[in-house]
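All figures in this text were calculated on a predicted structure; none of them were measured in a lab. All values below come from the heavy atoms of this structure, side chains included, with hydrogens, waters and symmetry mates left out.
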Amino acid sequence: MLMKEYRVCMPLTVDEYRIGQLYMISKHSCEQSGGGEGVEVVRNESDIHPQHGPGQMTEKRIYLSSKLPSWAKAFVPRFFYVTEKAWNFYPYTITGACVSFLPKFSIRIETRFENNNGDNNNVFGDTPTPAEHVSLLDILNDPIPEKHYKESEDLSRWQSSKTGRGPLEKDWRDDHKPIMCSYKRVQCSFEVYGFQTRTEEFIHRNIRDILLVGHRQAVAWIDEWHGLSLDEVREYERKMQETTNSKVKSSQNNTGTPAASRPVFSRSISVTDERSLKKMGVTTASMSDPSDSSVPHSPIRLNSTPE
């Protein structure tokens, strides 16, 4: 298992990002869906955490094929999806991902948001992440894949008309106000001999790129979401999910991938099973027993943004 902690700062407050996160994930998922691939929202419903209070549980299926390297396609079906379950008890979230035909593959992401510049070395309150496993990601200066670059999302050129913020300068993390940090502890496991190391490293490289692109977008799109209420952004989220689901299903039909030809797998082992979630303090009636093969299991978002 390869574990890393990523810290991503943004020129926002934690309260602002509650709205920005929901907006960005919905819009980004819709942009990335099409051609038979993308994000299908299966469930999005309220939930309650015994420690963190009320929140939202979301289950998604992320359809992938072209996003995989050639060496991975050797043991992956032509059409498949990843199940992602996320519990958003803002400013704390839990995300888990699994693939039903790969029981030794799992991802777990714990996230905390704080109003600081990433200097909290024990944000999760248990065992501090060793320094060699901590990555500080800079949404202004760190490179992203060329295919994801958009001038409108370049924060060295960005200027918010609503907030007056931007553009960001080279050492912005040292003195920008406001500033917040998204702390993400990511555990990736793929216990298959001969593939474990490069698969786990591949996943972490993709997660790094996803985090950089997604957090850049949340900032660059601030004039689209700033000032929205929670109810308004939830309504936007609902409409975008309908659009995204429609795009995914329509693309699959147009590319000759009827539902009957998609793989149906009977069992899935995930970091979001009941036992693992209880260790994190999550108890919810909506969780299914992973040993019950009759229950359809829920999707890593290699082209989306972890919660």
### Query
Relative to each other, are the rings of Y23 and Y236 parallel, tilted or perpendicular (30° and 60° limits)?
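If you compare the ring of Y23 with that of Y236, the planes turn out parallel.
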### Query
Using 30° and 60° as the class limits, which term best fits the ring planes of F89 and H52: parallel, tilted or perpendicular?
parallel
### Message
Between E110 and Y92, is the side-chain hydrogen bond (donor to acceptor under 3.5 Å, both in side chains) condition met? List the steps.
### Response
CA-CA 8 Å; E110 280 185 274; Y92 174 66; 2.6 Å; yes
### Message
Considering only residues two or more places apart or on different chains, which pairs with a residue in residues 165-180 satisfy side-chain hydrogen bond (donor to acceptor under 3.5 Å, both in side chains)?
### Response
E16-R165, D138-W172
Do side-chain atoms of [X] reach the backbone of [Y] as a donor and acceptor pair under 3.5 angstrom?
| X | Y | result |
| --- | --- | --- |
| K162 | H226 | yes |
| D223 | S161 | yes |
| K184 | I109 | no |
| Q159 | G166 | yes |
| S246 | E242 | no |
| E200 | F190 | yes |

### Message
To the nearest 0.5 Å, what is the distance between SG on C9 and NE2 on H215?
### Response
9.5 Å
### Task
Report the distance from atom OG of S160 to atom CH2 of W221, rounding to the nearest 0.5 Å.
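Spacing of OG (S160) from CH2 (W221) equals 15.0 Å.
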#### Entry: Close side-chain approach of Y6 to H204, heavy-atom, < 4.5 Å
yes
### Query
Above 12 or not: heavy atoms from other molecules or residues under 6.0 Å from CD of E132?
yes
#### Entry: Set of salt bridge (Lys or Arg N to Asp or Glu O under 4.0 Å) partners for K27, sequence neighbours left out
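Partners of K27 by the salt bridge (Lys or Arg N to Asp or Glu O under 4.0 Å) criterion, ordered by chain and then number, come out as E224.
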#### Entry: N245 vs R61, side-chain hydrogen bond (donor to acceptor under 3.5 Å, both in side chains): CA-CA, chis, key distance, verdict
CA-CA 10 Å; N245 287 1; R61 292 175 181 174; over 6 Å; no
### Message
Quick check: is V219 connected to V14 through a chain of hydrophobic side chains (ILVMFWY, heavy atoms under 4.5 Å apart)?
### Response
yes
#### Entry: salt bridge (Lys or Arg N to Asp or Glu O under 4.0 Å) between E201 and R198, worked out
CA-CA 5 Å; E201 290 177 348; R198 61 178 172 176; over 6 Å; no
### Query
Which heavy atom of L140 sits nearest a heavy atom of S156, and at what distance?
CD1-N, 3.5 Å
